[in-house]
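Worksheet: the structure to be examined is printed underneath.
Letters A, B, ... are given to chains in the order of the sequence lines, protein chains preceding strands, and every chain is numbered from 1. Any value given below was found using the heavy atoms of this structure, including those in side chains, with hydrogens, waters and symmetry copies removed.
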Amino acid sequence: MEFIGQLPPLFLRTIGQTHLAEIHGRRPRRPYLNICPVLKPQDTMVKWTAEERAAIEAVFASLDYESVGRESLTRLLVVYPWTRRYFGGFGNLFNTEAIMANPKVAAHGTVVLQGLEMALEDMDNIKKTYASLSELHSEKLQVDPGNFQLLGDCLTVVIATRMRTEFTPVIQAAWQKFLCVVVAALRRQYN
Amino acid sequence: MLSNTEKELIVQIWDKMLPVAEDIGSEALLRMFTTFPKTKTYFSHLDISPRSEHLCCHGKKIVQALAEGARNISTLTTTLAPLSRFHAYQLRIHPTNFKIFNHCILVTLACHMGENFTPVAHAAIDKFLSAFSAVLAEKFR
């Protein structure tokens, strides 16, 4: 037992990690062999199955950008009122009726959906696609990135009201994975 | 804070969902398990395949509890006390999962109600579900 006290701390940590990894059912790492792993770009890329790509494209194909965009942004401002802080220049956002009738909300909703569509052009490079938008939202617009998820949720609810039973759990899963990747890309430039 | 109009709207919606409680509840659960697979870890003791008896039965219980909560919004803490103890001391669900399930309930309601699930109804139900989950989680620590 005294021998254990003489082992270097890093080695003791490794033994501990190996034991814990086995309990949790994961393959234990060997840090001595993998001190500074060089990950190839394809190891960190999101992988899309053919079914997921088809599901996401089907959702976009069903969308009327103006109507869905307007309604999604309306819902964001109604359901999560603190988000109104980012739209000071939009005029009257004081109540639900005003928001629903606001032409700037309608116009910006369309812009948001057109922005989302950009991801479809290269689904394997979404991070790169949104690099400049991420910088815009963090540096200039100063939007709390927690709100990206909320807008995504509102958009998902609007799509559900339009697609109804066609928005199956499997299609929802693919769509939400897509939104997750877009939101992560938009958060990237925040320091 | 829920206005009186919102409270009435919430009761109306859940009363409409009660006759189809199995469908709504099981669909919300299925959406959660499909979109957020980590949530399945809490159901290893049940058969949660689509349309299974366990899924329908569990879904029905959830919708019935939500409808009961909707009818007693001003006394949620008292009404949900047994469920609150159950979630805190026995289920011990990670708190982030409440938001995940709430979102799946909203999507299920949106699919069923279509355009009747208006922005005002969406806001009211979202606030109700947040309050409901807060009561379920209040004994966690």
Side-chain angles (χ1 to χ4, degrees), chain A residues 24-25 51-52 55-56 59 64 67-68 70-84 93 95-102 105-106 109 146 149-180, chain B residues 1-3 5-6 9-10 13 20 23-41 44 48-52 55 59 96 99-131:
Chain A
H24 288 89
E51 291 78 15
E52 283 170 340
I56 292 158
V59 170
D64 169 351
S67 163
V68 170
R70 179 188 68 235
E71 198 175 328
S72 302
L73 193 55
T74 298
R75 282 180 190 253
L76 178 75
L77 297 167
V78 167
V79 181
Y80 308 109
W82 56 86
T83 55
R84 296 175 202 180
L93 298 177
N95 53 52
T96 306
E97 293 72 24
I99 294 168
M100 285 166 79
N102 190 306
V105 169
Q149 175 77 49
L150 299 183
L151 180 53
D153 288 348
C154 288
L155 175 55
T156 305
V157 167
V158 173
I159 290 169
T161 62
R162 304 301 168 91
M163 290 180 72
R164 310 288 298 264
T165 51
E166 285 177 19
F167 194 56
T168 62
V170 170
I171 292 186
Q172 182 188 348
W175 176 252
Q176 303 241 204
K177 179 176 167 179
F178 169 74
L179 285 180
C180 201
Chain B
M1 268 186 24
L2 287 163
S3 66
T5 318
E6 285 174 325
L9 190 49
I10 290 164
I13 289 173
V20 286
D23 297 332
I24 300 290
S26 62
E27 186 181 326
L29 283 168
L30 188 60
R31 285 182 184 279
M32 182 176 72
F33 297 143
T34 315
T35 308
F36 307 98
K38 64 166 188 166
T39 54
K40 292 192 282 191
T41 56
S44 50
I48 51 172
S49 52
R51 280 185 276 284
S52 71
L55 193 71
T96 51
K99 274 198 190 157
I100 289 174
F101 188 48
N102 289 348
H103 173 67
C104 292
I105 293 173
L106 289 173
V107 172
T108 305
L109 289 177
C111 286
H112 277 258
M113 294 173 63
E115 59 183 29
N116 291 328
F117 194 58
T118 59
V120 172
H122 179 172
I125 297 284
D126 191 56
K127 287 202 275 187
F128 167 68
L129 291 174
S130 297

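- Contact detail for A:Arg164 and B:Cys111: the closest heavy-atom pair is NE-O, 2.6 Å.
- A:Gln176 contributes atom CD, which lies 3.5 Å from atom NE2 of B:His103 (distance to the nearest 0.5 angstrom).
- Distance check, rounded to the nearest 0.5 Å: CH2 of A:Trp175 to OG1 of B:Thr35 gives 13.0 Å.
- Summarising the geometry, atom CZ belonging to B:Phe36 is positioned 13.5 Å from atom NZ belonging to A:Lys177; distances are rounded to the nearest 0.5 Å.
- Counting only heavy atoms from C-beta outward, the side chains of B:Cys104 and A:Gln172 approach each other to under 4.5 Å.
- Considering only heavy atoms from C-beta on, A:Val78 stays 4.5 Å or farther from B:His122 through its side chain.
- Contact annotation: the side chain of A:Pro169 never approaches that of B:Met32 to less than 4.5 Å [non-hydrogen atoms, C-beta and beyond].
- Counting heavy-atom pairs closer than 4.5 Å to chain B, the top-ranked of the candidates A:Val158, A:Ile99, A:Thr168 is A:Thr168.
- The environment of B:Lys38 atom NZ is dense: over 12 non-hydrogen atoms of other residues, nucleotides or ligands sit within 6.0 angstrom.
- For the atom pair CG of B:Leu109 and OG1 of A:Thr161, the computed distance is 12.0 Å after rounding to the nearest 0.5 Å.
- For B:Thr118, the part sitting under 4.5 Å from any heavy atom of chain A is the backbone (N, CA, C, O) and nothing else.
- The distance from the OG1 atom of B:Thr34 to the CD1 atom of A:Ile171 is 12.0 Å, given to the nearest 0.5 Å.
- The number of heavy-atom neighbours closer than 6.0 Å to CE of A:Met100, taken from other residues, nucleotides and ligands shown, is 12 or below.
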